[in-house]
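What you are looking at is a predicted structure, and each value in this text was computed from that prediction instead of being measured. For this chain, numbers begin at 1 and follow the sequence in order. Every number for a ligand or one of its atoms is a count from 1 in the order of the listing.
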Amino acid sequence: MSIRLRIGVIGGGIAGLTAAYRLASRGHEVILWERQRQLGGQAAAFPLLGTALEYFYHHLFMSDHDIVALIKELGIADRLVWLPSRVGFYAAGRIYPLSSALDVLRLGVVPFHDRLRIGLVTFYLQHVRDWRRFEEVTAEEWLRRWVGARAFDRVWGAQLRAKFGPRAGDVAMVWFWNKIFLRTQSRRSLFERERLGYIMGSFNVLIDRLADAIRERGGTVLAGVGVDAVERSGDAWVVRESTGRAMPVDVIVATVPSPLIAKLFPQLPEIYRVKLLGTVYQAAVTLLLQTHRQLSDIYWLNIGDPDLPYTGIIEHTNFVPASYYQGRHLIYVSKYVEQTHPYLALRDEEVLAAAIQHLPKVNPAFSADWIEDYWVFRERAAQPIVTVRYRAQIPDHRTPLPGVYVANTAQIYPEDRGTNYSVRLGNVVADLVCDDVRTGRLTVATSAARDVTS
Ligand SMILES: Cc1cc2nc3c(=O)[nH]c(=O)nc-3n(C[C@H](O)[C@H](O)[C@H](O)COP(=O)(O)OP(=O)(O)OC[C@H]3O[C@@H](n4cnc5c(N)ncnc54)[C@H](O)[C@@H]3O)c2cc1C
């Protein structure tokens, strides 16, 4: 490497940490800012029952090659396990197992003829690789046509409504195709249960290792320090930290949600800002219950019943055994909502009280005295909504501003956002920066670098 730049990374989630690790590995001086006191963003975990657990339920699919490669590279592959998972579907007041092709044929919420259609369409989607044909049509239009109105409304339409609310009808078919396609990749045969990956000890094991690797390479990781503003000064960018300090850098990689990037860089040209501001995210509110009894035997329960007003119930201890958590059961009650939804503003006790009313629908024996502890977590930019012709709206990693790059979840496409793709974002943006330095496309006077060495 001929030039050593000072590179600022905004955001200490998986994308920011990966980008910082790659850039520091190539000899650049890296500074990473994370507004929260804890690193890891949406994938972070908190100490619980002698180990740690994610604020939001997390697993990996077998197709998650980028994150698995990173885990191996960082020497923590012994912590990654692949465990069988049980999937279910809650509809018409009961749980239907939905872990295999045979389960689809037993999905009594629709007549047998509809189940066959769902099975055939699933099989078809699992084998389509050319996703471009699904970019210009909504999931609702396409699925209604191929499985029929009744099967759509009771099964897939119900799940889309549970995740996207009033925006369900806008979701592109390409997003839905990916969901079906990926789940197949985590199964060796149609009749076998899928296996999902988990990092024993939580995703914090990866997050902490990444932060250490950045520091070992001379980088600085500042947790609890946000970026409040960014200004241009000569050939450098000056980052105003929440501590009040101003830090000059040559290059910036921003991994925060798109609307925030538009705010941090008001000088961005309109054509790029429109793309940033056009991204709409669903928020997620997750109630985590610690109980002394099992709620059901399903790990991942999709919900397609308006009487149970949640997106999913994820019983983590039906995936990673309760024995790993001192025999306690850990259950996430998850609800995705639009950012203006009143549920997002409920107090923790209100979120809990609502769940206590509804959970007997999943298991009539459930009662509030099973609950030993509970937590409520909220994420506003949980899920970018992928609409038709989304590809044309994705902002480039290279922004029109010199030395400013973007790598965030809104750029993940056609796959759905996830930790694997945030690793890929970090890899891709670090390669871009290094290529631009090598080819002279990124012409910085390295004033920020001189500022530190003088
Ligand atoms: C409910 C839920 C369940 C999920 N389940 C899974 C799963 O099972 N498997 C999976 O792979 N993925 C899952 N994901 C998705 C996955 O966690 C995310 O896609 C991924 O972690 C995003 O990483 P990121 O670095 O791109 O963004 P983020 O994690 O959002 O990181 C951005 C960071 O920027 C910080 N930040 C914001 N503003 C500033 C500022 N001004 N200055 C400094 N820092 C700032 C934020 O605090 C945050 O830490 C789930 C997400 C949710 C919400």
Does Arg389 pair with Glu135 as a salt bridge, N-O distance under 4.0 Å? no
Numbered atoms of ligand 1 (with element) below 4.0 Å of Gly226, judged on heavy atoms: 42 (N), 43 (C)
Taking 4.0 Å as the limit for heavy-atom contacts, which would you say applies to Leu260 with ligand 1: side chain only, backbone only, both, or neither? side chain
Can you confirm whether Phe265 sits close enough to Thr399 that some side-chain heavy atom of one is under 4.5 Å from a side-chain heavy atom of the other? no
Heavy atoms, side chains only, cut-off 4.5 Å: are Phe319 and His59 in contact? yes
Ligand-side contact atoms (ligand 1) for residue partner Ala382, heavy atom cut-off under 4.0 Å: 53 (C)
Would you check if Val351 and Tyr343 make a side-chain contact, meaning some heavy-atom pair closer than 4.5 Å? yes
Are any non-hydrogen side-chain atoms of Val406 and Arg398 less than 4.5 angstrom apart? no
Considering only heavy atoms from C-beta outward, does the side chain of Val376 approach that of Leu352 to under 4.5 Å? no
Answer yes or no for Tyr336: is there a heavy-atom contact with ligand 1 below 4.0 Å? yes
Pair Arg167 + Glu140, salt bridge at N-O below 4.0 Å: no
Side chain or backbone, does Arg35 bring an N or O within less than 3.5 Å of an N or O on ligand 1? yes
Return a yes/no value for Ala15: is any of its N or O atoms, backbone included, closer than 3.5 angstrom to an N or O of ligand 1? yes
Looking at the rings of Phe56 and Tyr332, which for Trp means the six-membered one, are their centres under 6.0 Å apart? no
Residue, atom and distance of the protein heavy atom nearest atom 14 (N) of ligand 1 read His58 NE2, 3.3 Å
Counting from 1, what ligand 1 atoms have a heavy atom of Trp33 closer than 4.0 Å? 43 (C), 44 (N)
Closest heavy-atom approach to atom 4 (C) of ligand 1 among Phe203, Tyr332, Tyr57, Tyr421 is made by Tyr57
State the atoms of ligand 1, each with its element, that fall below the 4.0 Å cut-off from a heavy-atom position in Gly11. 33 (C), 34 (O), 35 (C), 44 (N)
Indicate, with yes or no, if the rings of Phe164 and Tyr336 have centres closer together than 6.0 Å. no
Here the atoms of ligand 1 under 4.0 Å from any heavy atom belonging to Ser422 are 20 (C), 22 (C), 23 (O), 24 (P), 26 (O)
Protein heavy-atom partner closest to atom 29 (O) of ligand 1 - residue, atom, separation in Å: Gln42 N, 2.8 Å
Considering distance alone, does some N or O of His59 sit under 3.5 Å from an N or O of ligand 1? yes
Mind checking whether Ile207 and Gln38 have side chains closer than 4.5 Å, heavy atoms only? no
Would you say ligand 1 has an N or O under 3.5 Å from any N or O of Asn420? no
Heavy atoms only: which of Ile261, Thr255, Leu425, Asn408 lies closest to atom 32 (C) of ligand 1? Thr255
Validation row, ring centre His58 to ring centre Phe203 under 6.0 Å: yes
Pick whichever of Val227, Leu222, Leu60 has a heavy atom sitting closest to atom 41 (N) of ligand 1. Val227
Any N/O of Ile10 closer than 3.5 Å to an N/O of ligand 1? no
Give a yes or no on whether a salt bridge exists between Asp307 and Lys361, defined as a side-chain N under 4.0 angstrom from a carboxylate O. no
Gly41: numbered ligand 1 atoms lying under 4.0 Å from its heavy atoms: 29 (O), 48 (C), 49 (O)
Between the candidates Glu34, Gln36, Lys263, Glu379, which shows the shortest non-hydrogen contact distance to atom 46 (C) of ligand 1? Glu34
Got Gln411 and His397 here, is their nearest side-chain heavy-atom distance under 4.5 Å? yes
Contact check: Ile14 vs ligand 1, nitrogen or oxygen atoms, below 3.5 angstrom: yes
Side chain, backbone, both or neither: which part of Leu17 comes within less than 4.0 Å of ligand 1 when only heavy atoms are counted? neither
re atom 11 (O) of ligand 1, the protein heavy-atom contact at minimum distance is Thr419 OG1, 2.6 Å
So the atoms of ligand 1 within less than 4.0 Å of a heavy atom of Val256 turn out to be 34 (O), 36 (N), 37 (C), 38 (N), 39 (C), 45 (C)
